[in-house]
There are 2 protein chains.
Amino acid sequence: MARDVERKPTSFDVAKLAGVSRSAVSRAFTPGGRISPQTKEKVTRAASELGYRVNSLARGLQQDHSGIVGLVASRLDTPLRSSQVARLSELLIREGFKPMLITAERPDHVGTLIESLLGYNVAGMIFTSDTPPPDLIKDCARFGLPVVLINRPGNSGWGDRVVADNLTGGSMAAQLLIDCGATRLGCLMPRRETFSVSGRAQAFVDYATERGHPVEVLLADDQGYADARAGIAKADADVLHRIDGLFCSTDLMALGALDALRIDRGIKVPEQMQVLGFDNIEQAGWGSYDLSTISQDIDAQAATVVRLLIERMAGDASSNKLEQEPLTAILRGTTRHAR
Amino acid sequence: MARDVERKPTSFDVAKLAGVSRSAVSRAFTPGGRISPQTKEKVTRAASELGYRVNSLARGLQQDHSGIVGLVASRLDTPLRSSQVARLSELLIREGFKPMLITAERPDHVGTLIESLLGYNVAGMIFTSDTPPPDLIKDCARFGLPVVLINRPGNSGWGDRVVADNLTGGSMAAQLLIDCGATRLGCLMPRRETFSVSGRAQAFVDYATERGHPVEVLLADDQGYADARAGIAKADADVLHRIDGLFCSTDLMALGALDALRIDRGIKVPEQMQVLGFDNIEQAGWGSYDLSTISQDIDAQAATVVRLLIERMAGDASSNKLEQEPLTAILRGTTRHAR
DNA sequence: TTGAAAGCGCTAACAA
DNA sequence: TTGTTAGCGCTTTCAA
């Protein structure tokens, strides 16, 4: 096969073919550009004949943004994260932006990576998981670059935040288990603290304790299915048998806990122990789990994020915003609620 | 909060502060640039003092590519797809590229979307799910733009392909079920044909039929968990009871089928029916499913994709390549293999 | 509404 | 090794 490479046609080529100036070409491709229908028609025809496309790099160099939005996410292969990124990406694209994806597994490199986004004149940045390094945030602030943080703490000093209402969520979870007749509560959480996960777990513990239900805290090494399963599989038997209502700080952990309880420990759910998760990932609804959970509305979350971004790009200069997304309880088969 | 916006420092600013020329600045930021350690030091110091970063837009305008790689994927919130994208993104970034993510749910828009990538002088494109529109492929070919297709048919005329060895995979699946003692086979596949899914299902049917095991084909409305579950839940009882070994063309479908069999139809797996999936998504290994499956090595796949891309960018002008990725059988609890 | 000209920030070819 | 110069392809004043 021949791999002859043609030069990409430029606005100059189009202008020549259409018999107009390069400015005319530019205007033809600028929404709302002041150009007569006839010239626009000529340009469009010439352009499609040559296979011309506006060079977004050159355009972005000229204007102040390139239409690219940085999307920073770790653990993309996790159910919750992947649906967040999927929704965000769809919405961004629908609004005419192009998401540039930075998946950052090793925190050491992250800084440099994210920094490189600035070189693309991004229109804004979205952080779903990692907290941006302080230096970077400082730079974003310097250049007035819109930043939206999802489920992150608000100590960066710059950037709007969209967070699940973890305080309410944790309390909801506790009240729910109590309403379902659980009296001796447990809470499974990862050893390493994380804004949202620790927040809701703490709220759960506080709320339950206040209501006279002390909480046994169970720790897992990390937030994955396997971590949670191992955590429960190795948990002290006495502690486990003391609990009749277990809140897991994410669905993924709840699923691991469920399998550990049923398979590894022979504990019947919900008969001997009720289990409640958080997030409402797709797998929570699968038949073998049928997990009761507190649902985050990912669609709504994504919509809020993109709206904030657009408002900022439109020049909204008010101080950092905080949007709390509402939560809903989804009662399924791992709790003994009155149906 | 003050939202004063500074101008971004340019190489000019850095040059002035460092007392050198703009080319020196450029060279200082070009790997392998011919520059003395002293000047580089001066430049670096000045740059970090000003918070300078190379403008990739301008750089990309000058050189022939922007370092951006287009990554086209649909159904990103699906386990297999999300891990593919996660690995690809990681590898691309490690190689110094920036993935631009196009998630295309509605095929009508896709063309325009993907086209817009060309405007960013992308260094290459990766298609994980959708087949690129023919016009677009033609343009990629015209400009010599590297394209890699994952699990796509090879009828586009341009682009290297990385595919699971579906033919072998389907045969492996059939042989495996037969080896495990299944005699009356079934195959669950989506109604709508897809390159990989239909390919392996067809291979399964062909192989089994040749060996004297006719196959009952069961159809689901689509490839999701729910589609598969509904498909089995509504399947004809006679047909279902005639089958003792069921191959599902993806793990996601297999999990839906498993839940339907056990929960909706009261059929014991693997006692009454053995079940085998394909892909080895994370959930297949979860305790409640413990699904036997044929594994695609996603890491290896991603590595191959990126390698091909890099070879092409380095000027490899050989004709379209086809890389078959090997498959491994993972025997878990849904088959009655000799342990 | 149109075209000419300047310039976005950078790199690369050339000359010193 | 360094600086000078000429673009990369586009948008955007500014005049006409």
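Below, chain A is the first sequence line, B the second, and so on; all start at residue 1.
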Checking contacts here: which listed nucleotide (D:dC10, C:dA12, D:dG9) is nearest the side-chain heavy atoms of A:L61?
D:dG9
Between B:D316 and B:K321, is there a side-chain N and carboxylate O pair less than 4.0 Å apart?
yes
Side chain of A:S21 (C-beta onward), nearest among C:dG3, C:dC8, D:dG3
C:dG3
B:L91 side, atom CG; B:F97 side, atom CZ - distance, nearest 0.5 Å:
11.5 Å
Who are the salt bridge (Lys or Arg N to Asp or Glu O under 4.0 Å) partners of B:E41, not counting sequence neighbours?
B:R45
A:N121 has an atom CG; how far is it from atom C1' of D:dC10, in whole Å?
14 Å
Given C:dT2, D:dG9, D:dG3, the nucleotide with the shortest approach to the side chain of B:S23:
D:dG3
Report yes if at least one side-chain N or O of B:T39 is closer than 4.0 Å to OP1 or OP2 of D:dT1; otherwise report no.
no
Shortest side-chain distance from A:R34, nucleotide among D:dT11, C:dT1, D:dT4:
C:dT1
Of the listed nucleotides (D:dG7, D:dT13, D:dG9), which one gets closest to any side-chain atom of A:A58?
D:dG9
Ignoring the backbone of A:T10, work out which of C:dC10, C:dA4, D:dC10 is nearest its side chain.
D:dC10
Quick one: is D:dG9 close enough that its OP1 or OP2 comes under 4.0 Å of any side-chain N or O from A:S11?
no
Taking only the side-chain heavy atoms of A:R27 (C-beta and beyond), determine which of D:dT11, C:dT11, C:dG3 contains the nearest atom.
C:dG3
